[in-house]
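Step one of this worksheet: look at the structure below.
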Number of protein chains: 2
Amino acid sequence: MRADAQRNRDKIVEVARQVFREKGYDAPLDEIAKKAGVGAGTLYRHFPSRDDLHDAVMQAWADGVDVATEKALAHEGDSREVLLDWFRTYVGLVSSYKGSPAKITSAMGDPDSPIRTKCQVLSAANAKVIERLGDALRPGIEPVQMARLIGGVATVADTASLDAEAVDPLLAVVADGLLA
Amino acid sequence: MRADAQRNRDKIVEVARQVFREKGYDAPLDEIAKKAGVGAGTLYRHFPSRDDLHDAVMQAWADGVDVATEKALAHEGDSREVLLDWFRTYVGLVSSYKGSPAKITSAMGDPDSPIRTKCQVLSAANAKVIERLGDALRPGIEPVQMARLIGGVATVADTASLDAEAVDPLLAVVADGLLA
DNA sequence: AGACAATACGGAGAGTGTCTCCGTTTTGCA
DNA sequence: TGCAAAACGGAGACACTCTCCGTATTGTCT
């Protein structure tokens, strides 16, 4: 990749991260281009779709997922505690900006999604949690199912602007359901 | 209301119902206006926002909710059966078109939402179910919490185009969590 | 019936966002 | 240094939302 191309790409991703966080996933792409000091054409050449840009933006985020998983797994306590702790972490991770819980959750399980890379990280994290809890969990739970349950809660929390206090009881219900 | 106004209003709602179903909640309003044979101004005068139109479209739908509730409550069987039956019904009701689960679920609990009328019907239905199940349910469950849990599942199912087979296990987890 | 407010209509057009096309500029290699 | 390939960038075509206001329709009063 040519040096100027790389430079522009990096700049776009950096600006996009910030704009997405401020204005949500629906922020105008032209605005991102302008703030990055490039033309619209340049942005669209690097990232043909919004999701492609989103994927690039979430690169750093994906690393954080691993760290967070380790932390939740290191947590000493009974299964319910571990599960709840992970769920809270998960909701936090997946709610990077307005609209992201829905995007990430629906991309999960779609083999053609441009942001699939990042979803696999989450899937892997869920798999680890499932493995750690072992027999305490109801049998036959798949990582993607866990992702959908918690992703659903996170999506509702996102679109309805719920605070942690309102979300926690919902997570508790799901946790108990999974431990049943 | 003047006769021509009533005529146009009815026509718009009729067309909107059909277009929403075909193209989802995001369908262009101008297209609805055109298909209804009215100008854009007329549509926007009758329904200042998309949600206002959505609300009108869901009028008939709201009646169906009552019927469905009665049916689910009449269901003989253990609590789990009743709950699961109601959840399946709920998901069906709330998924009238692409985007509607998210809309309806987030409107629930927002006192200023234009589609609040319709959400109250669902809230009332949930309250009835909760009452019917009584002590079998975990204590302190609010209708709106139930709406958020199932609405979350429905939203994920909607955006990820899941079929009933994939949704059912998720509902089972939530049901067991609520019965815990 | 005829006339006159009041009410409603409708579409042009301004504002905003998406995405492409292509003439111009930059880069890297020989 | 020169030149072809690669990348740029912004004008503009297209799409959707929403408003404004001149025109048409309706209901009422005589």
Side-chain angles (χ1 to χ4, degrees), chain A residues 1-57 97-100 102-103 106-107 112-115 159, chain B residues 1-57 97-100 102-103 106-107 112-115 159:
Chain A
M1 180 180 265
R2 245 172 60 172
D4 54 344
Q6 185 68 57
R7 216 181 311 134
N8 280 329
R9 191 185 186 284
D10 292 348
K11 184 69 182 169
I12 290 169
V13 172
E14 179 195 324
V15 169
R17 170 151 36 230
Q18 182 186 331
V19 171
F20 277 159
R21 187 169 284 286
E22 281 168 13
K23 306 196 146 194
Y25 183 70
D26 290 332
L29 296 186
D30 277 13
E31 179 186 327
I32 293 175
K34 176 161 284 188
K35 279 194 181 167
V38 304
T42 301
L43 189 152
Y44 283 99
R45 198 169 338 96
H46 282 297
F47 308 103
S49 80
R50 182 180 294 271
D51 271 354
D52 290 314
L53 178 53
H54 191 199
D55 190 56
V57 162
Y97 11 90
K98 268 234 164 286
S100 66
K103 268 297 161 199
S106 72
D112 304 328
S113 169
I115 62 175
T159 56
Chain B
M1 179 180 266
R2 244 172 61 174
D4 53 345
Q6 183 69 58
R7 217 181 312 135
N8 279 330
R9 191 184 187 285
D10 292 349
K11 184 68 182 170
I12 290 169
V13 172
E14 179 195 325
V15 169
R17 169 151 36 229
Q18 183 186 329
V19 171
F20 277 159
R21 188 168 283 287
E22 280 167 15
K23 305 198 148 194
Y25 182 72
D26 291 331
L29 296 185
D30 278 12
E31 179 187 327
I32 293 175
K34 176 161 283 189
K35 278 195 182 165
V38 304
T42 301
L43 187 151
Y44 283 97
R45 198 170 335 97
H46 283 296
F47 308 102
S49 81
R50 182 180 293 272
D51 271 354
D52 290 315
L53 178 54
H54 190 198
D55 190 56
V57 162
Y97 11 89
K98 269 236 164 283
S100 66
K103 268 296 160 201
S106 71
D112 304 328
S113 169
I115 62 173
T159 55

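A note on names: the letters A, B, ... follow the listed sequences, proteins ahead of strands, and every chain is numbered from 1. Values in this document were obtained by computation on a predicted structure and should not be read as measured data.
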Inset, instruction - Nearest-nucleotide wise, let me know which of B/Arg45 and B/Ala3 is further upstream toward the 5' end of DNA chain D. - result: B/Arg45
Inset, instruction - Quick one: do B/Lys23 and B/Glu31 satisfy side-chain contact (heavy atoms from CB on, under 4.5 Å)? Show the steps, please. - result: CA-CA 11 Å; B/Lys23 305 198 148 194; B/Glu31 179 187 327; 3.2 Å; yes
Inset, instruction - With A/Phe47 as reference, evaluate A/Asp52, A/Val57, A/Asp55 under the side-chain contact (heavy atoms from CB on, under 4.5 Å) test and give the passing residue. - result: A/Asp52
Inset, instruction - Calculate the interatomic distance between B/Met1 atom CE and C/dA8 atom P; express it in whole Å. - result: 7 Å
Inset, instruction - Using the six-membered ring wherever Trp is involved, compare the ring planes of A/Phe20 and A/Tyr97 and label them parallel, tilted or perpendicular (cut-offs 30° and 60°). - result: tilted
Inset, instruction - Treat primed atoms plus P, OP1 and OP2 as sugar-phosphate and everything else as base, then score nucleotides 12-18 of chain C 5' to 3': B for base contact with protein heavy atoms under 4.0 Å, S for sugar-phosphate contact only, - for none. - result: -----SB
Legend entry - Nucleotide C/dT7, atom C1' - distance to CD of B/Gln6 in whole Å: 14 Å
Inset, instruction - Check the distance between D/dC18's P and B/Lys34's NZ and give it to me in whole angstrom. - result: 18 Å
Legend entry - Short side-chain N/O contact to D/dG9 OP1/OP2 from A/Thr42, under 4.0 Å: yes
Inset, instruction - For C/dA8, take OP1 and OP2 only and decide whether either is under 4.0 Å from a side-chain N or O of B/His46. - result: no
Inset, instruction - Using a cut-off of strictly less than 4.0 Å, decide whether A/Arg7 has a side-chain nitrogen or oxygen near OP1 or OP2 of C/dT27. - result: yes
Legend entry - Nearest-Å distance for atom pair CG/C1', residues A/Asp4 and D/dG9: 12 Å
Inset, instruction - Let me know which of B/Gln6, B/Arg2, B/Arg7 forms a side chain to side chain donor-acceptor pair (under 3.5 Å) with B/Asp4. - result: B/Arg2
Legend entry - Side-chain N or O of A/Arg2 closer than 4.0 Å to phosphate OP1/OP2 of C/dG28: no
Legend entry - Under-4.0 Å side-chain N/O to phosphate OP1/OP2 contact, A/Asn8 with D/dA7: no
Inset, instruction - Taking atom NZ of A/Lys98 as the centre, report whether more than 12 heavy atoms of other residues, nucleotides or ligands fall under 6.0 Å from it. - result: yes
Legend entry - Separation of D/dC8 P from A/Phe47 CZ (nearest whole Å): 11 Å
Legend entry - Taking every non-hydrogen atom, the tightest pair across B/Ala33 and B/Gly39: CB-O, 4.0 Å
Legend entry - Protein-nucleotide distance (B/Ile32, atom CD1; C/dG10, atom C1'), rounded to Å: 17 Å
Legend entry - Heavy-atom side-chain contact between B/Lys103 and B/Asp51 under 4.5 Å: yes
